[in-house]
Chemist: 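Here it is, the structure in full.
Each chain gets a letter, A, B and so on, in the order the sequences are listed, and its residues count up from 1.
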Protein chains: 2
Amino acid sequence: MIEHHLKTILEKTLQELSIDCVIFGFHAGELKVLLLRWKATDGWSLPGGRIYKDESADNAATRILLERTGLSEIFLHQFHTFGDTNRNKYFTEAELVQKLEATFGSNFLAQLVDKRVVSIGYFALVEFDQVQATPDWYTDECRWWGISEVPPLLFDHNEMIERALKALRQQIRNQPVGYNLLPEKFTMPELQRLYETILDKQFDRRNFQKLLMSYDILEKLEEKRIGVANKSPFLYRFDKQKYEAAMANGVSFSM
Amino acid sequence: MIEHHLKTILEKTLQELSIDCVIFGFHAGELKVLLLRWKATDGWSLPGGRIYKDESADNAATRILLERTGLSEIFLHQFHTFGDTNRNKYFTEAELVQKLEATFGSNFLAQLVDKRVVSIGYFALVEFDQVQATPDWYTDECRWWGISEVPPLLFDHNEMIERALKALRQQIRNQPVGYNLLPEKFTMPELQRLYETILDKQFDRRNFQKLLMSYDILEKLEEKRIGVANKSPFLYRFDKQKYEAAMANGVSFSM
DNA sequence: CCAAAAGTGTTACCCTTACACCCATGG
DNA sequence: CCATGGGTGTAAGGGTAACACTTTTGG
């Protein structure tokens, strides 16, 4: 009786579980995400992969991130788990199906794609210039897309990016952001543009500087950025200790 | 080659996936959670269950909630997915193991508990008096516990409650709370106590009333609560339309 | 020399917070 | 009659937001 109960449950509940990562970078005054193009198709998706049954979800995300970017020890945050039954809606286009089957075999879709797979969404903040974008087994191109130029993606990945962005915006209002997105040294206007880009909102330079400096996480350096047009701006860098403390205790960014 | 690839992946990744629900109620000026006691033991856990492979996660949560409380159409919010490899740490107590095996059979733990199962955490806000607490197949008692009296629970369920509470506190600062936790008509001091309980903080009566009324989601009724000690307080109720709008647009509760 | 961007302080106003007296009800 | 809790408005202060002129640099 109990045996039977357990067996029945297992049959109905064994399934695959995956991770998808929204990897944010910041370059040329724009927020970017890293996307993959599926082999021999023009279908794009987020980097992701299966979670092994003896592996923690966080580890899986870290692993996938390392594989796609070459980076470890980066900011990674779980934001939502996607468990709808119609997550594959964008695999219904005939042309795409044909191309995928030509590449992966005719039962590819049936075995790997044509069913609901629950996916845990993570977003990562990385330093744009450090990333070695690397495709995976299913894809042959991996590159950055401006957040406003992202095309219609496979699965529900457009919705994932939307939600990740929302989570990032939530995050930036309660904790400092920038350590992983900017190079070690940066100028105040660069930091301001990052905030303005994420929140899609303009700030007053003086008020922004006052507020950010009040968190006591920034160190103003003697150096200035040279070789750029116009007046040379001062360089700043994060005081890692104080930055971590501010991450733990939270700050209130309200502008 | 591709066949083999797919087969290998499936073997390593097929697993079970579950839901756990932190069901919050409000009674006698205290926040409560609904817990289950496992059959013939004194081990308590959150209500939960497996997600079937063709079922959406939200549906699974709704189903579990209906089964344990008799309620549908209640506030249900996914807050975190728990995917660590050591989630079963509290199943190591010898006495508990013995009792569980006596009830469920000697291979119960090996088959159902002695492995990592990823669980999606939801929290629900329900009206205390409406709940018909009902145990499930594994348990023989289902009852409310004051949030500050929760005992050490099975799995990582104490951590889940912590996180759910944190998510609820986050939520109350950005969206109105109360519609599902309070009876249809309630007094301003009752609403204030709810907020004070959730945020574990005292507010000034006049300021609280001013702020809540400024959201324009409350309707002050002619009626007063009678039969209670002291001066009869006015009754209020939520304007459902405006409440929904405030949920969608967000409010800023900062006190 | 000029255009473009960066450095820098002060003021007004609004919003948040603090605060007290009277009233109604049950016991 | 009294204790307890509820109803109600105002004033001060702090923090947010608005605002302009000068300086530097590359072209």
Side-chain angles (χ1 to χ4, degrees), chain A residues 26-30 172-174 176 178 182-183 185-197 199-216 218-237 246 249-255, chain B residues 26 28-30 172-174 176 178 182-183 185-197 199-216 218-237 246 250-255:
Chain A
F26 184 65
H27 185 69
E30 200 188 16
I172 207 177
R173 299 209 160 273
N174 299 307
L182 292 172
K185 298 174 184 178
F186 50 88
T187 68
M188 190 58 74
E190 282 166 1
L191 183 59
Q192 182 174 342
R193 253 166 287 165
L194 172 62
Y195 269 71
E196 289 178 338
T197 302
L199 293 171
D200 194 21
K201 207 174 159 190
Q202 303 298 110
F203 304 117
D204 178 272
R205 296 205 311 273
R206 286 161 287 193
N207 294 337
F208 181 83
Q209 178 158 21
K210 252 181 291 174
L211 187 58
L212 269 286
M213 290 308 282
S214 77
Y215 298 158
D216 190 32
L218 283 168
E219 191 182 351
K220 185 175 183 175
L221 304 175
E222 295 297 316
E223 305 172 67
K224 298 182 170 193
R225 171 143 302 162
I226 53 172
V228 295
N230 316 321
K231 185 170 182 177
S232 306
F234 282 101
L235 289 171
Y236 293 78
R237 102 182 126 203
N249 302 328
V251 298
S252 164
F253 182 87
S254 60
M255 269 186 147
Chain B
F26 184 66
E30 199 188 16
I172 207 177
R173 298 208 161 273
N174 299 307
L182 293 171
K185 297 175 184 178
F186 50 88
T187 69
M188 191 57 74
E190 282 165 1
L191 183 60
Q192 182 173 342
R193 265 180 304 246
L194 171 62
Y195 270 70
E196 289 178 337
T197 303
L199 292 172
D200 193 22
K201 206 173 157 189
Q202 303 297 112
F203 303 117
D204 178 272
R205 282 184 292 143
R206 284 163 286 193
N207 295 337
F208 180 83
Q209 177 158 19
K210 251 180 291 173
L211 186 60
L212 269 285
M213 290 309 281
S214 77
Y215 298 158
D216 190 31
L218 284 168
E219 192 182 350
K220 186 174 183 175
L221 305 175
E222 294 297 316
E223 306 172 66
K224 298 181 170 193
R225 171 139 304 162
I226 53 172
V228 295
N230 317 320
K231 186 170 180 177
S232 306
F234 283 101
L235 289 171
Y236 292 78
R237 102 182 127 203
V251 298
S252 164
F253 182 87
S254 61
M255 269 188 145

Chemist: Using a 4.0 Å cut-off on protein heavy atoms (strictly under), produce a 5'-to-3' string for nucleotides 15-23 of chain D with B for base contact, S for backbone-only sugar-phosphate contact, and - for none.
Modeler: --BBBB--B

Chemist: Does the A:Y215 side chain pair with the main chain of A:S252, one donor and one acceptor, at a distance under 3.5 Å?
Modeler: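 At least one qualifying donor-acceptor pair exists.
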
Chemist: State, yes or no, whether a side-chain contact exists between B:Y195 and B:I172 at a heavy-atom distance under 4.5 Å.
Modeler: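 In contact.
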
Chemist: For a quick test of reading the model: is some side-chain N or O of A:S232 closer than 4.0 Å to OP1 or OP2 of D:dT25?
Modeler: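 For A:S232, the contact criterion (side-chain N or O under 4.0 Å from OP1 or OP2 of D:dT25) is met.
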
Chemist: Can you tell me how far apart OG1 (B:T187) and CZ (B:R193) are? Round to the nearest 0.5 Å.
Modeler: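 B:T187 OG1 to B:R193 CZ: 6.0 Å, rounded to 0.5 Å.
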
Chemist: For residues 185-193 of chain B, which residues have at least one heavy atom under 4.0 Å from DNA chain C?
Modeler: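 Residues of residues 185-193 of chain B under 4.0 Å from DNA chain C: none.
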
Chemist: Which heavy atom of B:V251 sits nearest a heavy atom of B:A246, and at what distance?
Modeler: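 It is CG1-CB, 4.0 Å.
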
Chemist: Using whole Å, report how far CG of B:N230 lies from C1' of D:dC1.
Modeler: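 Between C1' of D:dC1 and CG of B:N230: 14 Å.
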
Chemist: Quick check: does any side chain N or O of A:R237 sit under 3.5 Å from a backbone N or O of A:K185, one acting as donor and the other as acceptor?
Modeler: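 It does not hold such a pair.
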
Chemist: To the nearest 0.5 angstrom, please state how far the CD atom of A:Q192 sits from the CG atom of A:N207.
Modeler: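 A:Q192 CD to A:N207 CG: 9.5 Å, rounded to 0.5 Å.
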
Chemist: Between which nucleotides of DNA chain C, 5' to 3', does chain B make heavy-atom contacts below 4.0 Å?
Modeler: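 Nucleotide range in contact with chain B: C:dT17 to C:dG26.
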
Chemist: Is the closest side-chain heavy-atom distance between B:F253 and B:L212 below 4.5 Å?
Modeler: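 Side chain of B:F253 against side chain of B:L212, heavy atoms only: contact under 4.5 Å found.
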
Chemist: Think B:K220 forms a cation-pi with B:F234, using NZ or CZ under 6.0 Å from the six-ring centre and within 45 degrees of its axis?
Modeler: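 B:K220 over B:F234 ring: yes.
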
